[in-house]
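Inspection log for the structure reproduced underneath, given as structure tokens.
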Amino acid sequence: MPTLSATLLLACSNGGDPAPASDPAPPPPPAPQVVEDRQTAPAPDILLVVLDTVRQDHAMADDPTGAPWMPTLRRISDEGMLFTEAMSTGSWTYPTHASLLTGAQIYTHRANGDQGRYLQISSDVPDLVTLLSEQAGYATGLVSANPNPGQLDLPWDISEVHPYRDDGAIHGDGEALASWTRVSRQLVALERPTFLLLNLMEAHAPQRFTSDCAPFLEPHQRAWFDSSLPETRPAWAKTVLAQTTLRINDALLDGLSDDPDATRATLRAGGFIDDEHRPTDAFLALASTRQASVPLGTRDALTDRALLYRLAVLAQKEPGLDPYAEKERDALATEPEAVDLYGRLYDCSLRTLDGELARVLDEWWALDHPHGQVILVTADHGELIGEHGRMLHGGTPHRELTHVPLVVHGDGIPALLRDDPVQSHDVAPTILQLAGVERPEMDARSLLGEGAADRVRIATSWVPDASDEVLAIEQWTLWRRNAGPAMEPRLFDDQAWSHPVDAPDRLAALQALAASRIPRFEPFVYDDVAQDAASLEALRALGYVE
């Protein structure tokens with residue numbers, strides 16, 4: 001068996017043979033130390049924008065006409081520091097936000113959840129909100145269209161979190177942006193340095209899109225949105241449509257428009273309102289099934305445009321259909337047309353999201369920032385669009401879920417393209433450095449320092465008491481069972497996800513690496529490798545153990 005140091009280097013490479021020891025590849029030039037000393041500099045106002053459910057490759061891509069899907073993101077990327085190889089710590093919102101706000105990996109801060117259960121950040125893990133407030137006098141605020149960040153028990157000065165409504169409404173339905181305007185002005189008016197986190201959710205299913213999406217849909221795809229023509233839709237299309245919030249417009253729906261009479265006519269035809277425009281028993285039953293939180297029962301309420309939209313989207317659904325159930329959503333990955341439609345709608349939602357980002361930044365820049373301002377824009381995770389036989393997100397941290405955009409833009413930040421490996425939780429020590437706060441020991445490192453080309457990043461699906469655990473270690477996915485029947489760990493190449501890779505040396509090296517990073521991760525195969533003194537010294541030399 002090769003030495004662990006050799007197999008570790010091989011395991012952490014891009015899959016090819018390692019460079020010969022006698023002729024190592026020259027290291028890339030280090031990135032400049034952007035901010036050398038913030039201890040005496042005035043603390044700037046800091047805005048962290050989390051673009052919920054945005055994968056890097058789609059966010060930085062162009063539409064079929066050659067225009068960027070996200071022109072605002074593209075512009076600040078050109079003007080600021082763009083990290084092209086940023087990796088999230090996980091595959092869903094709650095634990096990845098905890099990482100952004102602690103600089104810790106999920107298995108360190110332990111704020112994860114399953115089936116409605118939320119664990120809080122471990123008491124021995126410092127959080128960004130407390131440190132900024134206590135050590136630098138920052139006023140702190142959270143505005144989130146996703147309710148998950150609000151589950152983190154952090155001492156925000158102002159927190160406005162909008163509940164998720166699984167009834168076809170937009171997440172917050174524009175309320176988050178109204179909150180953003182109000183809260184940002186309130187905090188800046190306090191004449192203290194400000195830290196504000198904003199979560200925007202337009203790209204998260206059910207997506208939000210507008211009429212400019214219509215040209216990117218095929219004619220038969222546009223017809224699937226017409227609920228009066230159910231025979232034109234394949235069965236799987238109902239699930240796709242149930243995962244999208246239809247911002248109704250003439251270009252997409254002939255029968256549902258801004259005209260309330262036209263909308264009511266379509267709803268009557270679908271049996272969801274009666275001739276007096278009152279919700280029918282069928283709608284009430286469906287609303288109960290879908291846990292819809294909408295006002296019902298009066299004609300006046302039905303004139304509300306938002307309610308009409310929610311009713312219209314519910315008209316796309318069938319009783320008992322749960323578009324977010326893993327079995328139903330992943331079944332879509334076997335339908336090429338479903339993958340194509342969902343991908344088009346996802347890209348269109350990025351255009352809508354970018355418009356919201358433009359409004360946010362314009363308002364932020366219009367505020368008074370006497371000591372300067374810095375903006376960080378990233379995503380908590382990405383989205384699967386048929387890759388690996390799956391749709392949406394959560395679970396195994398595939399690259400499509402962990403490769404996220406990351407931009408730092410603002411006063412004193414140069415225009416710089418960075419391709420060194422970083423992780424999204426590096427945001428926390430970066431913000432502390434900007435604020436002049438001495439940071440405690442963290443898993444992460446500041447984005448404003450030198451890059452480390454040999455850094456090995458880990459993302460995880462870690463959930464307490466789960467029978468299975470999945471680690472993404474660069475391109476490799478390490479799967480193991482923590483409970484139940486003993487089963488040998490398995491290794492997958494995430495770029496060719498189909499069958500386990502038969503590479504025991506690489507598997508052993510990655511297990512040893514995981515064990516050195518994660519105290520509770522004890523390899524139960526190849527224990528002799530993990531305990532070998534030379535191997536531990538090799539890990540220590542690489543900075544993986546102290």
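Heads up: numbering here begins at 1 and tracks the sequence. For clarity, every value in this text was computed on a predicted model and none was experimentally measured. Worth knowing before you read on, the calculation uses all heavy atoms, side chains too, and leaves out hydrogens, waters and symmetry mates.
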What's the shortest heavy-atom distance between A59 and P405, and which atoms? CB-CG, 4.5 Å
Any sub-3.5 Å donor-acceptor pair from D78's side-chain atoms to R75's backbone N or O? no
Flag, side chain of R110 to backbone of S122, donor-acceptor distance under 3.5 Å: no
Check whether any side-chain heavy atom of M60 sits under 4.5 Å from a side-chain heavy atom of R74, and report yes or no. yes
If you apply the rule side-chain contact (heavy atoms from CB on, under 4.5 Å), what do you find for V404 with V54, and how did you get there? CA-CA 7 Å; V404 294; V54 172; over 6 Å; no
Salt bridge or not for R182 and E160, using N-O below 4.0 Å? yes
Can you confirm whether the side chains of W92 and N112 place a donor and an acceptor under 3.5 Å from each other? yes
Determine whether a donor-acceptor pair (N or O, by modelled atom type, separation under 3.5 Å) exists between the side chain of S446 and the backbone of L448. yes
Note, H58 side chain near L350 side chain (heavy atom, < 4.5 Å): yes
Flag, side chain of R439 to backbone of G103, donor-acceptor distance under 3.5 Å: no
Which heavy atom of T72 sits nearest a heavy atom of A358, and at what distance? OG1-CB, 3.3 Å
If we count only N and O atoms by modelled type, under 3.5 Å, do the side chains of H109 and S99 hold a donor and an acceptor together? yes
Main-chain N/O of N146 paired to S144 side chain as donor or acceptor, under 3.5 Å: yes
Can you find a heavy atom in the side chain of Y107 that is under 4.5 Å from one in the side chain of I458? yes
S184 side chain to W180 main-chain N or O, any donor-acceptor pair under 3.5 Å? yes
Minimum heavy-atom separation for A43 and A435, please, with both atom names. CB-O, 4.2 Å
Do L128 and I431 come within less than 4.5 Å of each other through their side chains, counting heavy atoms only? yes
Just by distance, do the side chain of R390 and the backbone of G394 share a donor-acceptor pair under 3.5 Å? yes
Measure the OH-CD1 distance between Y342 and I385 for me, rounded to the nearest 0.5 Å. 7.0 Å
Quick one: CD on Q433 to CG on D426, what's the gap to the nearest 0.5 Å? 11.5 Å
Go through the steps for Q475 and R399 under the test side-chain contact (heavy atoms from CB on, under 4.5 Å), then give the verdict. CA-CA 8 Å; Q475 79 175 71; R399 178 171 172 83; over 6 Å; no
Under 3.5 Å, is there a donor-acceptor pair between the side chain of N148 and the main chain of T93? no
Quick check against the 3.5 Å criterion: does Y346 have a side-chain atom that pairs as donor or acceptor with the backbone of L384? no
Between D52 and N199: side-chain donor-acceptor atoms closer than 3.5 Å: yes
So if I apply the side-chain contact (heavy atoms from CB on, under 4.5 Å) rule between V407 and each of I76, I375, V49, which one comes out positive? I76
Quick one: sort the W156 and F195 rings into parallel, tilted or perpendicular, breaks at 30° and 60°. parallel
Nearest heavy-atom contact between A472 and P397 is CB-O, 3.4 Å
Would a 4.5 Å heavy-atom cut-off, applied to side chains only, mark E400 and E383 as touching? no
For a salt bridge (Lys or Arg N to Asp or Glu O under 4.0 Å) with E474, tell me which candidate from R506, R457, R455 qualifies. R457
Check: T84/D419 side-chain N/O donor and acceptor closer than 3.5 Å: no
Is there a ring-ring contact (aromatic ring centres under 6.0 Å, His included) between W69 and F216 once you walk through the steps? CA-CA 12 Å; W69 280 117; F216 304 112; 5.0 Å; yes
With sequence neighbours left out, the residues meeting ring-ring contact (aromatic ring centres under 6.0 Å, His included) with F83 are none
So, Q120 side chain and D153 main chain: donor-acceptor pair closer than 3.5 Å or not? yes
Find the distance between CG (D347) and OG1 (T352) and round it off to the nearest 0.5 Å. 11.5 Å
Atom pair CZ/OG1 of F492 and T396 - distance to nearest 0.5 Å: 8.5 Å
In terms of heavy-atom contacts, H97 and D380 come closest through CE1-OD2, 3.5 Å
Taking atom types as modelled and ignoring hydrogens, do the side chains of D127 and T102 form a donor-acceptor contact shorter than 3.5 angstrom? no
So, for T53 and A203, which heavy atoms are closest and what is the spacing to 0.1 Å? O-CB, 3.7 Å
Go through the steps to decide whether L196 and T140 satisfy the test side-chain contact (heavy atoms from CB on, under 4.5 Å), and finish with yes or no. CA-CA 6 Å; L196 182 58; T140 62; over 6 Å; no
How many angstroms lie between CZ in R344 and CG in L341, if you round to the nearest 0.5 Å? 8.0 Å
When you compare the side chain of S424 with that of L406, does any pair of heavy atoms fall below 4.5 Å? no
Using only heavy-atom distances, determine whether the side chains of T89 and Q105 contain a donor-acceptor pair under 3.5 Å. no
Which value, rounded to the nearest 0.5 Å, describes the distance between L353 atom CG and E202 atom CD? 5.5 Å
Answer with yes or no whether the side chains of T402 and H381 bring together a donor and an acceptor at under 3.5 Å. no
Evaluation steps, side-chain contact (heavy atoms from CB on, under 4.5 Å), between L131 and L432: CA-CA 8 Å; L131 291 170; L432 292 177; 3.9 Å; yes
Can you tell me which residue among E387, H403, H393 is in a side chain to side chain donor-acceptor pair (under 3.5 Å) with R55? E387
If we only count heavy atoms from C-beta on, is the Q373 to W365 side-chain gap below 4.5 Å? yes
Heavy atoms, side chains only, cut-off 4.5 Å: are L101 and H425 in contact? no
